[in-house]
**Student:** 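Sharing a structure with you now.
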There are 2 protein chains.
Amino acid sequence: MKEEFYTLKGYKIKNEEILSSSMEDYIEMIYRLSQKSDQVRVRELSLALNVQPPSTTKMIKRLAKENYVIYERYGCIKLTEKGRDIGSKLLERHRIIFDFLECLGVKENILEQTEKIEHAVNDEVLEKINELTKFLKDEILPF
Amino acid sequence: MKEEFYTLKGYKIKNEEILSSSMEDYIEMIYRLSQKSDQVRVRELSLALNVQPPSTTKMIKRLAKENYVIYERYGCIKLTEKGRDIGSKLLERHRIIFDFLECLGVKENILEQTEKIEHAVNDEVLEKINELTKFLKDEILPF
DNA sequence: AGAACATGTTAGCCAAAGCTAACATTCTAA
DNA sequence: TTAGAATGTTAGCTTTGGCTAACATGTTCT
């Protein structure tokens, strides 16, 4: 199977990605906020993601339509089972990339870099990076 | 300086990124094609990027307006000095990420993963990854 | 209870980057 | 040299995910 070049957008179209990067960002953040407060609201989420409330409303509607969250107007946002499963995977993915960058010694914009890279990696790469980080932490960094 | 979360798009807006991912993809590919044929045309570029010709025309116009390429209707596409500088950096970035993934033992969709990750990393991360790959190749993999 | 404030929603705009259909130009070869 | 094929362009549509302005709803305090 020959591998071919595409533009970034081209890969998205070709793979018919189910979750856009933005959808992932919102779900991941809802998951994070749910762990603390259990009462996630539009305003809170908007602040956390540095986005204006109408953008959040719009995205929440979409996530609700696709069954990642349960929401009713003026109410609070709850992840469904499906949303929670994905949320925890996304958070784990975030953690793996963050740890890797930290272990690499990255100093500047480490959160931003994590957020960008996490959307790019697939399961295989994530797993390899995870193993590599463990290896570096256990066998290399101590010396 | 506190680091905050943004959506992917949010980072782009906030950092006022000069080159979009797509622009990078086109410049990188023009650079690659220039190395072989010197005569880069819309059709060739469209095929290489798996994009329809009108998309290429549109992007080339934009790249020309911003002085990355020189182009006139129905003619062939040439990188400017500025375009060439960036092109070579983009190709080097591609190479570094590809080598890293290869050295990680990634087997599936390695090109696609390279193409996605390369847009995400900044200079610092790229440099660290480069060093890490060299280290792995020299000190670890041989054993 | 009702005023004022906080929060949420709607409508409608924008840019990016794809696409198709229709048209224009250039090249090739009879 | 002119017809047809190949290539390129234009116009205009689509989706995504932001934004602001204006409006709606809920909450709180006097």
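Numbers restart at 1 for each chain; the letters A, B, ... are given by sequence-line order, proteins then strands. We use all heavy atoms of the structure for the numbers below, so side chains are in, but hydrogens, waters and symmetry mates are not.
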**Student:** Quick check on contacts: within residues 38-63 of chain B, what sits under 4.0 Å from DNA chain D by heavy-atom distance?
**Tutor:**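 Contacting residues: B:Arg41, B:Val42, B:Arg43, B:Pro53, B:Pro54, B:Thr57, B:Lys61.
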
**Student:** Hey, does B:Ile96 have a side-chain heavy atom less than 4.5 Å from the side chain of B:Val121?
**Tutor:**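 B:Val121 does not reach B:Ile96 side chain to side chain.
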
**Student:** Could you tell me which residues satisfy side chain to side chain donor-acceptor pair (under 3.5 Å) with A:Glu24, sequence neighbours excluded, listed by chain and number?
**Tutor:**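 Counting only residues at least two positions away or on another chain, A:Glu24 forms a side chain to side chain donor-acceptor pair (under 3.5 Å) with A:Arg93, A:His119.
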
**Student:** Give the residues of residues 70-80 of chain B touching DNA chain D, defined as any heavy atom closer than 4.0 Å, sorted by residue number.
**Tutor:**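 Within residues 70-80 of chain B, the residues near DNA chain D are B:Tyr71, B:Arg73, B:Tyr74.
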
**Student:** Look at the side chain of A:Lys9 against the base of C:dG18 and say whether a donor-acceptor pair falls under 3.5 Å; ignore hydrogens and angles.
**Tutor:** no

**Student:** Quick one: is B:Thr7 getting a side-chain N or O under 4.0 Å of the D:dG17 phosphate, OP1 or OP2?
**Tutor:** no

**Student:** Any pair with a residue in residues 125-143 of chain B that passes salt bridge (Lys or Arg N to Asp or Glu O under 4.0 Å), sequence neighbours left out, goes on the list, sorted by first then second residue, please.
**Tutor:**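 Sorted result for residues 125-143 of chain B: B:Asp99-B:Lys137.
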
**Student:** Of all residues at least two apart in sequence or in a different chain, which pass the side chain to side chain donor-acceptor pair (under 3.5 Å) check with A:Arg32?
**Tutor:** A:Glu28

**Student:** Among residues at least two apart in sequence or on other chains, which ones pass side chain to side chain donor-acceptor pair (under 3.5 Å) with A:Glu92?
**Tutor:**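 Applying side chain to side chain donor-acceptor pair (under 3.5 Å) to A:Glu92 gives A:Arg95.
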
**Student:** Does B:Tyr11 place a side-chain N or O at less than 4.0 Å from the phosphate oxygens OP1/OP2 of D:dG18?
**Tutor:**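 Checking D:dG18 against B:Tyr11, no side-chain N or O comes under 4.0 Å of OP1 or OP2.
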
**Student:** Can you label the angle between the A:Tyr11 ring and the A:Tyr6 ring as parallel, tilted or perpendicular, going by 30° and 60°?
**Tutor:**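 A:Tyr11 and A:Tyr6: tilted rings.
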
**Student:** Going from NZ on B:Lys12 to OG on B:Ser20, what distance comes out if it is rounded to the nearest 0.5 angstrom?
**Tutor:** 8.0 Å

